[in-house]
Amino acid sequence: MQFLNHGLQLSISQTLLLPIILLGFGAIVGLIDSLFAVIKLAR
């Protein structure tokens with residue numbers, strides 16, 4: 001029963017972490033992309 005409860009907590013934490021990681025990754029990619037666009041425009 002303890003193992004089942006631990007597995008449930010793990011899945012909940014993973015469910016919360018995954019969107020945050022995806023959002024963070026998307027934000028970083030967007031920032032890098034905009035930086036490259038600014039560099040291209042500056043030239």
(request) Can you measure from CD1 (I20) to OG1 (T15) and round to the nearest 0.5 angstrom? (result) 11.0 Å
(request) Could you tell me the separation between the CG atom of L23 and the CG atom of L18, rounded to the nearest 0.5 Å? (result) 9.5 Å
What side-chain donor-acceptor pairs closer than 3.5 Å can you find for residues 36-43, not counting sequence neighbours?
none

